[in-house]
Amino acid sequence: MTLSHDSDTSGRPVLLLHSTVCDRRQWDPQMAALAAAGFRAVRCDLPGYGDSPYPDELFDTAELVVGVLDDLGIETAAVVGSSGGGLVALEIAARWPQRVSSLALLCTAAPGMSPSPALHELWEREEALLEAGDVAAATDLNVATWVGPRAGSEARALVRQMQRHAFEVQLAAPPNAAKASPQWDLATITAPALLVSGAHDLPDFAAIAAALTSVLPAARHVSLDWAGHLPNLEDPAPVNELLLDLLRRE
């Protein structure tokens with residue numbers, strides 16, 4: 001399958017990978033800023049999000065994302081990943097290190113992460129609500145958890161729309177669909193990395209950012225005292241500045 005995606009037509013490529021609370025519309029506030037700075041923004045919907053259907057057979061998310069780059073004729077790109085999209089970004093950088101020029105990871109997940117009690121409780125509450133068929137309540141739970149206090153009403157409404165749609169697509173997934181689990185190692189990553197965390201996020205993600213900063217090459221960690229889990233939507237301007245600073249260093 002080909003993931004649903006869109007792309008600017010010129011400039012140095014920047015691949016944007018959304019959080020699993022969102023879809024590619026998460027990057028609406030970054031598209032114009034990247035284009036104005038001369039970059040080619042590429043964003044795709046991961047399997048089961050936005051306009052990308054849930055596959056009806058075994059699938060490899062990272063390989064499908066790299067397939068988008070192949071279809072666009074892009075050999076190397078900077079990769080920006082948010083939360084679960086950050087985990088996909090790490091996998092791509094580890095499996096295809098020659099294709100990633102730099103990494104920006106916003107409140108990223110990480111391989112083998114062990115959830116805190118707060119995150120574990122969230123997952124249990126979400127699962128119980130979905131099993132009870134209360135998609136609206138599960139959606140509200142995620143918006144309340146993941147959207148930080150600086151976000152405006154439009155950003156909250158967009159996250160609610162994206163999360164609800166993702167739940168609906170994934171609840172209707174074919175019974176034989178499954179994600180492949182290829183082996184990969186953080187040690188093979190060669191791209192310089194920016195790790196961003198938010199003070200209003202669950203503590204798991206600041207801890208992940210700090211841990212990754214100690215193992216990824218030329219990595220630095222920026223903690224945003226105003227941010228929740230989705231800082232690029234909550235207050236785009238300072239996040240755009242961080243991203244452009246990293247990209248201009250290449």
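Nearest heavy-atom pair across Leu246 and Leu103 is CD2-O, 3.5 Å. What you find for Leu90 and Ala109 is that their closest heavy atoms are CD1-O, 3.8 Å. The shortest non-hydrogen separation linking Pro182 to Asp60 is CG-OD2, 3.8 Å. Among all heavy-atom pairs drawn from Leu3 and Met1, the shortest one is CD2-CE, 3.8 Å. Scanning both residues, Gly86 and Leu105, for their nearest heavy atoms gives O-CD2, 3.8 Å. Shortest non-hydrogen contact noted between Gly11 and Arg40 is O-CB, 3.4 Å.
For Glu234 (side chain) and Gly148 (main-chain N/O), a donor-acceptor pair under 3.5 Å exists by modelled atom type. Looking at Arg99, its side chain does come within 3.5 Å of a backbone N or O of Ile74 through a donor-acceptor pair. Counting only distance, with no hydrogens or angles, the side chain of Asp235 and the backbone of Pro231 share no donor-acceptor pair below 3.5 Å. Side-chain N or O atoms of His18 include none that pairs as donor or acceptor with a backbone N or O of Trp27 at under 3.5 Å.
Side-chain atoms of Gln26 and Ser82 include a donor-acceptor pair closer than 3.5 Å. With hydrogens and angles left out, the side-chain atoms of His221 and Ser197 include a donor and acceptor closer than 3.5 Å. A donor-acceptor contact closer than 3.5 angstrom is absent between the side chains of Gln161 and His165. Looking at Ser52 and Arg24, their side chains never bring a donor and an acceptor atom within 3.5 Å of each other.
Tyr49 has its side chain out of reach of Val169: every pair of non-hydrogen atoms, C-beta onward, lies at least 4.5 Å apart. Within the 4.5 Å cutoff, no side-chain heavy atoms of Val100 are placed close to those of Leu15.
Here the CG atom belonging to Leu130 is positioned 5.5 Å from the CG atom belonging to Leu171, to the nearest 0.5 angstrom. For the atom pair Asp45 CG and Leu64 CG, the distance stands at 12.5 Å (nearest 0.5 Å). Residue Trp96 holds its CH2 atom at 11.0 Å from OG1 of Thr188, rounded to the nearest 0.5 Å. In this structure, CG on Asp204 lies 4.5 Å from CG on Leu119, to the nearest 0.5 angstrom. Summarising the geometry, atom CD belonging to Glu75 is positioned 12.5 Å from atom OG belonging to Ser101; distances are rounded to the nearest 0.5 Å. Atom CG of Asp245 and atom CG of Asn240 lie 12.5 Å apart (nearest 0.5 Å).
Salt bridge present: Arg160 and Asp140 bring a charged side-chain N and a carboxylate O closer than 4.0 Å. A salt bridge does not link Asp51 to Arg25: none of the charged nitrogens lies less than 4.0 Å from a carboxylate oxygen.
Using a 30° and 60° split on the angle between ring planes, Phe59 and Tyr54 fall in the perpendicular class, above 60°.
Under the side-chain hydrogen bond (donor to acceptor under 3.5 Å, both in side chains) test applied with Arg43, the options Asp28, Asp23, Asp8 reduce to a single match, Asp28.
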**Request:** Begin with the C-alpha distance, continue with both residues' side-chain angles, and end with the deciding distance and a verdict on side chain to side chain donor-acceptor pair (under 3.5 Å) for His229 and Thr145.
**Result:** CA-CA 8 Å; His229 192 64; Thr145 301; over 6 Å; no

